[in-house]
Each structure stands twice: as structure tokens, then as C-alpha cells.
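Please read these numbers as outputs of a predicted model, since none were measured by experiment.
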Amino acid sequence: MKNLFKTLLPYKMTALLVLLLMAGQAFCEMNLPMYTQNIIDVGILNHGVEHVLPEALTMDDMADAERYMSDEQKAEWETLYSPSGDVMRRKELNDEELDRYDELFTAPLARVYADSIGESIGAGQSENDRNLRSLAAAYAAKCDEEAGLDMLAIQNRYMYRCGGMMLLMSLIVLVFTTGIAFLAARVGASIGKELRSELFRNVMSFSNAEINRFQTSSLITRATNDIQQVQMTTTMMLRMMLFAPCICTWSIIKVWQTHAHMNFVIVTGVIAILLMVLLLFVVAMPKFRIMQTLVDALNAVSREILTGIKVIRAFGREATEEERFDKANNDLYRNQLFVNRTMISMTPMLMIIMYGLSIWITWVAAGRIDAGQLQVGTMTAFIAYSMEIVFSFLMIASMAIFLPRAGIAADRIFEVIDTESSVRDMDGAAALDPDEHDGTVRFENVSFRYPDAEENVLSDISFEAKPGQTTAIIGSTGCGKTTLISLIPRFFDVTAGRVTLGGRDVRELSLSSLRDAIGYVPQKGILFSGTIAENIRWGKEDATDEEVRLAAEIAQAAEFIEEKPEGYDNEISQGGANVSGGQKQRLAIARAVIKQPRVMIFDDSFSALDMKTDVALRKALSGRISDAVRIIVAQRVGTILNAEQIIVLDEGRIAGKGTHSELMKTCSVYREIAMSQLSERELEAV
């Protein structure tokens, strides 16, 4: 879970600003039920009269009001009014004075009004009791009306003022909510962008060992689905997880200020919600944990089927592969269906709790309203605040369910980000100066073992590949040929011994300068979306059109390129699907040739070429890059007959070394390979 919260650290100031905006939003939202309460209790029931002192009253009401006053209160009361025609008018008072007189005269005036309507007031009621205050205000409204004041105007003035404040609060909430949504979405999108960039940057530095460890399908899932989970959850955290405590705190304060004395109802509702969420958490959590693994599995199956669609069709395996896909799809479907049903069940259960609370509050409040201990507006506000508390706990509970899944996703993301490549620049790695070395490649007692493997793939390999010469590597399938040449550009690092380039250990050189000196043509020609010229320029970005054409001619690709309608500007589809295997390999060779490297490595790159093109290509390479080290991995003996040095591998060891004629005499492994591919007449002609 700490990895999830770690993503928010760079945005802590934005999170603080969001928190401040939420506090303001919560404050405004919590005042809306208060204004609703005042509109009901004061605006409707008391005709807009909010203070207990009448603005005007008749002489009889003036005397009647003193019935329950003490001598001190009577003296104070008589100083507040002066005669104006047939009525007594209240002198001008500010809000502080009105509030002080409310406290002083609430009790006696409430008792006078209770007598007039035939109600009784309990001896235990406080002078600050809202119901007592309402009775006193009702008495003030009665006096104002009997004194001839326009009660409709007083009521409208109060209602407009409360309505205006509610409208203002709503507009402030709208502004704050918009700001919070904008900031939360921006932070979430920024986190997703940074995580994708950081993950992709680190994956690009991985050696083949790390790529094989995580697998391509899992890396794709982590870079898309997992990051989307983190992005969505961090946005929700800023909008909900921070807002819930704010709204809950303000609601509790407001509930306490209502003095409704029904807090036990809220406590019961909160406990019911927490028990419900705990039950859902226990049921759904195990399914959340395996969901990402199932997504990985579905991506792996989909990628494998789409990549091998031609083979699947060729062998008529469509039905079998559909069944395999359906199994992975159904596993994920059942998991998601269970989780979604569990989560959706939260909504009706929450509605039951909420409506149950509303009914319970109304039932309890009805008795108190009937007994004169509670007002209708107070009950309305209490229900509103109770629902806010329930919703705040619901938001916290919802986040408690989503957080673990996002936490798992964040852990998977940071597992990739925190993984260091086993092949990286050493401290003080030197740049390889192309002018200070001749490109000689040496293997000195090299052994290699894959991570977690029990045996070496290569053992005690020693040879030298010189400039201007072709060094060929041949052997049976699985003997370690590709692994051997992968040690030169440091796709892997040797387990023992060392590989040198220009007399320097390749591990002491910076990866960028080492790979700049090498032209590598992989076993499988891989092209990228773009034009033919753009693919060739992968080897040299600033290559001129003439250099592109020359590289294509050397690779024997110029002929088929010029036959295309748009020539070098012809588009290559994703993965090079619109060119043949041989054309792919020739374009891959052109891409390596245009670099003009000191070392050329061909990993069985001539296998898809016909013999005529093979011969022409090797002849062109010898003529145009004659001073480069040429290392060729080959399956066909005919490709390497004229090589100056042939290395024969057998089960990871060198079984023979020399020219073709020398190996035919001294190496039984090579002789068997040659005799299996060439006739006696062809061998004699060499």
C-alpha cells in the first residue's frame, strides 16, 4: 500500500490545496441544512421573526409580556420600547444586543405564549432550548401582527435572505467542487503519465534476463491496466478519501448543535454500515487479489494467438485456440462478475440502512414534536446531517475496498520500476572511441549460465574475430549460437571469463558507445511502423537519401523497394506484415549496414534468402565493409564456406575451429553437418 501513497508524494502541495478546498466545500454544504431548518422553523412557522423581542406591540401586549418577568427584567424591558401612536415601538438594536436580549427574555415570553395557546412548559427546559426560543419568537410574531405590522413583508424579507445565502453557498460549493475535480483529475493523469514514462524507461534498460522474468504480456498489463487502476484510485482518493473526513467532522458538529438528542440513531447506522463493508471486504478481497493475475493470463493468451494466427490457421487449430481463449476469458469473467455483484449489492444494502435511519429518526422525532420538545426544521436538519455522516462513512468504506486492488497494482508497477537491469553501465564506464580500436572481438574463457539455471549454456569459449575477416558460428539447434553473440552487445553478461572489443572488456564500456560500434541483425527481421526509408534510418538518423539507397543496394533490397509504387516512401505496416520474410531480413541488414559499424553481427540472418541473393549479399558485404569484423551465425554450410574462421559449437562448447577445409579433416561434428547439407560433388568442388 505504501507504493500507492508514494505516487502522491510529488503532488503533496496540490493535495493540501485540495484539502483546503474540501474544507470550504464541507463548511458550505453543512450550512445548507441549517438554512433549511431556519426557513421551516423561522420563515414558515414564525412568519420570518427570528428574535424574541417584538418590533412593535400594543399596550395590552406590553403589560401582558411582563407576567413572568423578574423585577430586573421588567426594568430592562420597559427601557426597550417607546410609544409611537397607539403602539409601543422597539428602539434600534444591533445584532449583539438582540442576541443578548434573546437570552434574557426567551423564558418569560415563551411562557406567556404557551399560556395563550394552552400549552405547558416543563420546568427542566433550558433557556437556550430551540423549542423554547421558537415559542418566544412566535409570541413576538403575534405581537407584531396585532400591532399592525406587515407580516408578509417581514416573512418575505427573511425568506429571500435565507434563500440568497443558500444560493451563494451553492455557488461556492460549485466553484470549490469544480476546482477539486480539476486538480484531482490533473494529479491522477500526471501520476499515470509519470508512471508510464518511468516504467517504460526502466523496461527499455532491461536486459533479456529481466524481460524473460516479467514476460511481455505482464509488462503490457502493468503499463496499462495496473497504471489505470492507480490513476483512477488516486483521483478518487483526492475527491473522496480527503472529503469524507471533512464532511463527517462538520456533520457531527452540526448534529451536536441541533440538540436533537438522537445521536444513538446515527451511531447505530454507522455500525451497520461498517459491519456491511467488513462483510463485503472479507468476501470480495480474495477475488481482487487474483484479478490482475487473470488479466495477465488473458493478455498472454491473446498476444500468443494473434502473433501465431497464420500457424493456427495452417494447422486448423482455430477451435482449440478459441477454447483456450474462452477459458482465460471465462476465468476473468467469473472473477469480475463475482466482484461486481458483491460491490453492487452494497448500493441496495446502503439504501435500506439510509431509509431505515430516516424512518427511525422521523418516528422518534414525531413523538418529541408532539410533546413540544422538538421542531420540524430541527428534525429535517438532523436527517440531512445524519445522511451526510452515513455517506461519509460509505465513501471511506468504498475506498477501503478499492485501495487494496490499487495497492496491489502499485506494487506490481514498482516491482518493475525498482528492478535494476543486470546489464548496466559500471561506475566510471568509458566511452568507446571508434578511432582508437580496430574492432577486434575476443572471447577469453567465456562461460555463461542463465539466471536460476543449473548448468552453463556456454563453457570455456575462446576465440578471436579480426577486422576484415568473416568469423562464422555453426552448430546444431540449441547449442548456444545466439546466446554466444548476444554477449558481445551485452544483451547478457558473461558468468565467467570476459569478452573484449578493441582490447577492452565490454563491461567496462558504456552501453551506448558499445552498441554504437556494433551493427546487429537479429535472427527474426523486426520492422517498425513507418516508411522503408525510416526503417533503414533506424541505424543512422541523419543518413542522406544516397546513403539509404547504398545500404539498400548492399543488402540486395533496392530492387524490390524500387518496384513499389512509392519506393522508399512506401509504408511498412506494424511488424512488417506487408513484406515477405526475405524482404524483412534484407531491410534489417540494410538498417545495420547504414551504421558503418566496426563489428557486424548476423544472427542467422540469411536463412530466408534464396541462394542467389545469399551469394550476392555476402559478396556485397565483403566489398563494401571489408574492414569490419563480420560475425555470422548460420545454419547453412553453403553460407559460410568461404569464411576465414568457422567456430563449431556442440552442447555449449567449441568442438572445432578453422576454415572449411581444415574442419572437414579435423572436426567430426562439422563434417556431419556439411555432409548432411551438401553432396559429395559440392564438397569436392569447394
**Message:** To the closest 0.5 Å, what do you measure between CE (Met166) and OH (Tyr35)?
**Reply:** 9.5 Å

**Request:** Assess whether side-chain contact (heavy atoms from CB on, under 4.5 Å) is satisfied between Gln25 and Phe243, documenting all intermediate values.
**Result:** CA-CA 9 Å; Gln25 177 188 348; Phe243 183 63; 3.6 Å; yes

**Request:** State whether the side chain of Asp425 and the backbone N or O of Leu511 hold a donor-acceptor pair below 3.5 Å, judged by distance alone.
**Result:** yes

**Separation of Ile39 CD1 from Met34 CE (nearest 0.5 Å)** = 10.5 Å

Side-chain atoms of residues 189-200: list all donor-acceptor pairs with protein atoms under 3.5 Å, sequence neighbours left out, distances to 0.1 Å.
unit_1	atom_1	unit_2	atom_2	d
Ser190	OG	Arg186	O	2.8
Ser197	OG	Lys193	O	3.0

**Request:** Look up atom CG in Asp150 and atom CD in Glu145, then write down how far apart they are to the nearest 0.5 Å.
**Result:** 10.5 Å

**Asked** At what distance, to the nearest 0.5 angstrom, does CG of Asp95 lie from CD of Glu50?
**Response** 8.0 Å

**Fill in**
Heavy-atom closest pair (Gln231 atom, Gly188 atom, distance to 0.1 Å) is CG-O, 3.0 Å

**Asked** Which atoms form the tightest heavy-atom contact between Met387 and Leu357, and what is the distance?
**Response** CE-CB, 4.0 Å

**Prompt:** For the side chain of Arg90 and the backbone of Leu53, is there at least one donor-acceptor N/O pair under 3.5 Å apart?
**Reply:** yes

**For Arg412 against Ser218, the heavy-atom pair lying closest together** = NH2-OG, 4.3 Å

**Fill in**
Here the gap from Ile211 atom CD1 to Phe491 atom CZ, rounded to the nearest 0.5 Å, amounts to 12.0 Å

**Item:** Asn46 side chain to Ala137 backbone, donor-acceptor under 3.5 Å
**Value:** no

**Asked** Going by distance alone, is a donor N or O of one side chain under 3.5 Å from an acceptor N or O of the other, for Ser421 and Ser205?
**Response** no

**Asked** Are more than 12 heavy atoms from other residues, nucleotides or ligands located less than 6.0 Å from atom CD of Gln155?
**Response** yes

**Request:** Without swapping roles, check the side chain of Arg515 against the backbone of Arg490 for a donor-acceptor pair under 3.5 Å.
**Result:** yes

**Item:** Heavy-atom donor-acceptor pair, Asp144 side chain to Glu55 backbone, under 3.5 Å
**Value:** yes

**Item:** Residues Ile180, Leu238; criterion side-chain contact (heavy atoms from CB on, under 4.5 Å); working and verdict
**Value:** CA-CA 8 Å; Ile180 291 166; Leu238 289 175; over 6 Å; no

**Item:** Residue pair Leu9 / Phe5, side-chain heavy-atom distance below 4.5 Å
**Value:** no

**Chi angles and distances behind the salt bridge (charged side-chain N to carboxylate O under 4.0 Å, His left out) call for Glu415, Arg213** = CA-CA 12 Å; Glu415 183 184 5; Arg213 170 189 162 191; 3.7 Å; yes

**Request:** Without swapping roles, check the side chain of Glu388 against the backbone of Met30 for a donor-acceptor pair under 3.5 Å.
**Result:** no

**Message:** Please verify the inter-ring angle class for Phe105 with Trp77; under 30° counts as parallel, over 60° as perpendicular, anything in between as tilted.
**Reply:** perpendicular

**Prompt:** Of Asp102, Thr106, Asp41, which is the lone residue that meets side-chain hydrogen bond (donor to acceptor under 3.5 Å, both in side chains) with Arg133?
**Reply:** Asp102

**Message:** If the threshold is 4.0 Å, N to carboxylate O, is there a salt bridge linking Glu76 and Arg100?
**Reply:** yes

**Item:** For Met151 against Ala141, the heavy-atom pair lying closest together
**Value:** CE-O, 3.7 Å

**Item:** Distance-only donor-acceptor check, side chains Glu210 and Thr419, under 3.5 Å
**Value:** no

**Prompt:** Any donor and acceptor pair, going by atom type alone, linking the side chain of Asn3 with main-chain N or O of Phe414 inside 3.5 Å?
**Reply:** no

**Request:** Would you check if the side chain of Tyr139 reaches a backbone N or O of Val112 as a donor-acceptor pair within less than 3.5 Å?
**Result:** no

**Asked** Is a donor on one side and an acceptor on the other found under 3.5 Å between the side chain of Asn330 and the backbone of Asp326?
**Response** yes

**Minimum-distance pair of heavy atoms, taken over all atoms of Val49 and Ala140** = CG1-CB, 3.8 Å

**Message:** Using 0.5 Å steps for rounding, measure from the CG atom of Leu306 to the CZ atom of Phe325.
**Reply:** 8.5 Å

**Request:** Taking Thr233 for its side chain and Val230 for its backbone only, find out whether a donor-acceptor pair lies under 3.5 Å.
**Result:** no

